[in-house]
Amino acid sequence: MNNSPLPACARLAGVVLFLAWVASHPAYPALKEFAALPLPLYFEPNRGQAPTDVLFLARGDGFHLALKSSEALLALRRPGRPSIPLRLQWLGARRSAPVEGEAPLPGQSRYFRGNDPSRWLRSVPHFTRVRYREIYPGTDLVFYANGRHPEFDFVLRPGADPS
């Protein structure tokens, strides 16, 4: 049982402030180097942290990627300027193709929005790839990371028609 007189949000704020101080303190250069390391690009399923039509999302330096059932939306961000939206659609593709994350990563995301803990999102998994199964007959569409940038490939089964 926790006997602390401080509410949980105040204790969390104290921990965050302490970690920020430690990371910025000159006596801890290793922590500064660690904080500057780029995180690998990952995909996370939408559990309420994005609009309802988004199935998976990824964020990186200068972009947001939202994967929907029939398209991918890429928003290129530039400091101090409006983002540039790009919409990728696959003509004649099956709109009801199952979409699933592949190759889970050990990390998870958490979203603490507002004061109501019932609305907080915990344990949102991370994946290295997202696969649209049978988007065309015998063809899957796979999104993945190439370094810090998203890419996609069409994966054909033996005998599939690439046209």
- Query: Just wondering, are more than 12 heavy atoms of other shown residues or ligands nearer than 6.0 Å to CG in Asp116?
  - Reply: yes

- Going through the distances and angles, do Leu86 and Leu88 end up as a side chain to side chain contact (heavy atoms under 4.5 Å, CB included)? CA-CA 7 Å; Leu86 300 171; Leu88 303 171; 5.5 Å; no

- Message: So, taking the atom named CG in Leu76 and the one named NE2 in His64, what distance separates them when rounded to the nearest 0.5 Å?
- Response: 11.5 Å

- Message: Check the orientation of Tyr132 and Phe143. Use parallel for under 30°, tilted for 30 to 60°, and perpendicular for over 60°.
- Response: tilted

- So if you build clusters from Ile, Leu, Val, Met, Phe, Trp, Tyr with side-chain heavy-atom gaps below 4.5 Å, do Trp90 and Leu73 land together? no

- Message: Check this for me: does any side-chain nitrogen of one of Asp61 and Arg77 sit under 4.0 Å from a carboxylate oxygen of the other?
- Response: no

- When rounded to the nearest 0.5 Å, the distance separating OG of Ser70 from CG of Leu91 is 11.0 Å

- Using modelled atom types only, decide if a donor and an acceptor are shared between the side chain of Asp140 and the backbone of Glu134 within a distance under 3.5 Å. yes

Only distances under 3.5 Å count here; give the side-chain donor-acceptor pairs of residues 46-57 to other protein atoms, sequence neighbours excluded, each with its distance to 0.1 Å.
from	atom 1	to	atom 2	distance (Å)
Asn46	OD1	Gly48	N	2.9
Asn46	OD1	Gln49	N	3.2
Asn46	OD1	Ala50	N	3.2
Asn46	ND2	Ala50	O	3.3
Asn46	ND2	Pro51	O	2.7
Asn46	ND2	Val54	O	2.9
Gln49	OE1	Arg47	N	2.6
Gln49	NE2	Glu44	OE2	3.0
Gln49	NE2	Pro45	O	2.9
Asp53	OD2	Lys68	NZ	2.7

- Note on the structure: CZ of Phe154 to OG1 of Thr139, rounded to nearest 0.5 Å, is 8.0 Å

- Would Val142 end up clustered with Phe127 when hydrophobic side chains under 4.5 Å apart are linked, directly or stepwise? no

- Closest approach of Arg148 and Arg59, non-hydrogen atoms and distance? NH2-O, 4.3 Å

- Query: Given the rule in the side chain to side chain contact (heavy atoms under 4.5 Å, CB included) test, do Phe43 and Leu67 qualify, once you have shown the distances and angles that lead to the verdict?
  - Reply: CA-CA 9 Å; Phe43 299 88; Leu67 302 176; 4.2 Å; yes

- Inspect the surroundings of CZ in Arg78 and state if more than 12 heavy atoms from other residues, nucleotides or ligands are less than 6.0 Å away. yes

- Query: Closest heavy-atom contact between Pro137 and Ala160?
  - Reply: O-CB, 4.1 Å

- Residues that Tyr136 engages under side-chain hydrogen bond (donor to acceptor under 3.5 Å, both in side chains), provided they are two or more places apart: none

- State whether the side chain of His126 and the backbone N or O of Pro106 hold a donor-acceptor pair below 3.5 Å, judged by distance alone. no

- Query: Would you find more than 12 non-hydrogen atoms of other residues, nucleotides or ligands less than 6.0 Å from Arg95 atom CZ?
  - Reply: no

- Option among Asp153, Val130, Thr128 that satisfies the side chain to side chain contact (heavy atoms under 4.5 Å, CB included) test with Tyr144: Asp153

- What residues, two or more places apart in sequence or in another chain, satisfy side-chain contact (heavy atoms from CB on, under 4.5 Å) together with Pro150? Leu41, Phe63, Leu65

- Message: Between Trp120 (side chain only) and Gly114 (backbone N and O only), is there a donor and an acceptor less than 3.5 Å apart?
- Response: yes

- Item | Non-hydrogen side-chain atoms of Phe112 and Pro117 separated by less than 4.5 Å | no

- Heavy-atom count around Arg81 CZ within 6.0 Å, excluding the residue itself: above 12? no

- Under-4.0 Å salt bridge between Arg129 and Glu151: no

- Given the rule in the salt bridge (charged side-chain N to carboxylate O under 4.0 Å, His left out) test, do Glu100 and Arg133 qualify, once you have shown the distances and angles that lead to the verdict? CA-CA 8 Å; Glu100 56 200 31; Arg133 294 219 177 265; 2.6 Å; yes

